Number of protein chains: 2
Amino acid sequence: MAKVRHSRFDCTPGCSVEAAIGLIDGKWKAIILWHLLAGTLRFNEIRRQVQSCTPRMLTNQLRELEDDGLITRKVYAQVPPKVEYSLSELGLSMAPILRSLKAWGDANIGLYGKPLGHDPRDLQPGGSA
Amino acid sequence: MAKVRHSRFDCTPGCSVEAAIGLIDGKWKAIILWHLLAGTLRFNEIRRQVQSCTPRMLTNQLRELEDDGLITRKVYAQVPPKVEYSLSELGLSMAPILRSLKAWGDANIGLYGKPLGHDPRDLQPGGSA
DNA sequence: CAGGATCCCACTGGATACTG
DNA sequence: CAGTATCCAGTGGGATCCTG
């Protein structure tokens, strides 16, 4: 990671499990990555997918993801502004993690009384947040 | 989850990605689960594997994992006390997630200047934290 | 051995208002 | 549209000491 903005990495050296979760912690990162798995999105498009995330937090999380090299930020010099976020190679390489998270959630979320729509689209990023 | 001790679950209903990460957030849970994947461990055995986790936090995280149904706590009525922690069925079902996290970390941790031992034992839980 | 209790502070993150 | 700025509450989590 470029700047160690988040100090959550004090595990013993060489702990790859911590390394990985350290990048997708922070309440929104995993879902953001998940949605970007479906393709490039603009700022407000992400907001719409992750409604309960405030603009401030969204910016924050996107910046950390960018600093960690997981996503790419492309700014179009125009008015009104247009900024596109997409997964980098490294971000794409996290797909297995994201999919296993999704798969587990799909299989087990019902146990917690949380009804799951089982909407087929849910199996693809871009579905409900 | 039994008691919603941790309030981190305010995503839109049906978000299975959030559901899954919500259970393994909290700085230590993923590593604890990882180590338990290798088999039953006692309190201080876990402490040794996750040195930088204080007893208080370890208790805390273990309790949450237990409340979430991911681990099982077996207390032996004896002196000195003996408590064993092991993965429940549900906890075991998270193995794919944990393994994908580990795999990703192994493949990419080097990019961050964190040297990786590439110790073969690292591929199995029970190795270095 | 396996924790519980208490103190305390840093950071997380929400609400709201403003801007290029 | 895509953020920034500021204020502020809640809590995550460390340090330390105590106990059945």
Side-chain angles (χ1 to χ4, degrees), chain A residues 3-12 18 21-32 35-36 40-68 71-86, chain B residues 3-12 18 21-32 35-36 40-68 71-86:
Chain A
K3 276 189 183 170
V4 189
R5 190 195 302 261
H6 36 65
S7 56
R8 311 173 56 99
F9 201 142
D10 45 5
C11 186
T12 44
E18 269 258 342
I21 51 149
L23 297 182
I24 60 170
D25 69 354
K27 205 167 193 174
W28 305 113
K29 292 190 189 178
I31 321 97
I32 294 173
H35 286 294
L36 287 179
T40 299
L41 288 175
R42 299 180 57 175
F43 188 84
N44 279 337
E45 288 175 335
I46 303 178
R47 280 200 65 187
R48 247 164 273 137
Q49 306 268 10
V50 196
Q51 303 99 320
S52 42
C53 182
T54 63
R56 195 180 79 94
M57 275 313 296
L58 185 53
T59 304
N60 192 345
Q61 303 277 286
L62 286 170
R63 286 288 185 280
E64 292 196 4
L65 288 171
E66 192 189 358
D67 287 349
D68 288 341
I71 66 173
T72 303
R73 183 166 175 266
K74 186 187 288 182
V75 183
Y76 293 83
Q78 63 181 46
V79 177
K82 175 178 172 181
V83 181
E84 285 183 344
Y85 295 91
S86 52
Chain B
K3 276 188 185 172
V4 190
R5 191 194 304 260
H6 35 67
S7 57
R8 311 174 56 99
F9 201 143
D10 45 6
C11 187
T12 44
E18 269 258 341
I21 52 149
L23 297 182
I24 61 170
D25 69 352
K27 205 167 188 171
W28 305 114
K29 292 189 188 177
I31 322 96
I32 294 173
H35 286 294
L36 287 179
T40 298
L41 289 175
R42 300 180 57 176
F43 188 83
N44 278 338
E45 287 175 336
I46 302 178
R47 281 201 64 187
R48 246 164 274 138
Q49 306 267 9
V50 196
Q51 303 100 321
S52 41
C53 182
T54 63
R56 195 181 80 96
M57 275 314 296
L58 185 53
T59 304
N60 193 344
Q61 303 278 286
L62 287 170
R63 286 288 185 280
E64 291 196 4
L65 289 170
E66 191 189 358
D67 287 348
D68 288 341
I71 65 173
T72 303
R73 182 165 176 266
K74 186 187 288 184
V75 183
Y76 293 84
Q78 63 181 46
V79 176
K82 175 179 173 182
V83 180
E84 285 183 346
Y85 294 91
S86 52

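Just so we're on the same page: letters track the sequence lines, and every chain starts at 1. Everything quoted here is computed from the prediction, not taken from an experiment.
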Whole-Å gap separating [atom2] ([N]) and [atom1] ([X]):
X	N	atom1	atom2	value
A:Met57	D:dA2	CE	P	19 Å
A:Ile32	C:dG13	CD1	P	11 Å
A:Glu64	C:dC11	CD	P	13 Å
B:Gln51	D:dG14	CD	P	14 Å
A:Gln78	D:dG3	CD	C1'	15 Å
A:Leu58	C:dT12	CG	P	16 Å
A:Gln61	C:dC11	CD	P	16 Å
A:Ile31	C:dG13	CD1	C1'	14 Å

Between the first and last five pairs of the helix from C:dC1-D:dG20 to C:dG20-D:dC1, the angle of the axes, rounded to 10 degrees: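 Taking the rotation axis at each end, their angle is 60°.
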Minimum side-chain heavy-atom gap B:Ile21-A:Asp25 below 4.5 Å: no
Sub-4.5 Å side-chain heavy-atom contact between B:His35 and B:Leu41: yes
Give, for atom [atom1] of [X] and atom [atom2] of [Y], the distance between the pair rounded to the nearest 0.5 Å.
X	Y	atom1	atom2	value
B:Ser52	A:Glu18	OG	CD	7.0 Å
B:Ser86	B:Arg73	OG	CZ	12.0 Å
A:Leu65	A:Ile32	CG	CD1	5.5 Å
B:Asp67	B:Leu23	CG	CG	11.5 Å
B:Tyr85	B:Glu45	OH	CD	12.0 Å
A:Gln61	A:Ile24	CD	CD1	12.0 Å

For B:Glu84, salt bridge (Lys or Arg N to Asp or Glu O under 4.0 Å) partners two or more places apart: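 Only B:Lys82 meet the salt bridge (Lys or Arg N to Asp or Glu O under 4.0 Å) criterion with B:Glu84.
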Sequence-aligned protein contact record of nucleotides 2-7 of chain C, with B where the base is within under 4.0 Å of a protein heavy atom and S where only the sugar-phosphate is: SSSBB-
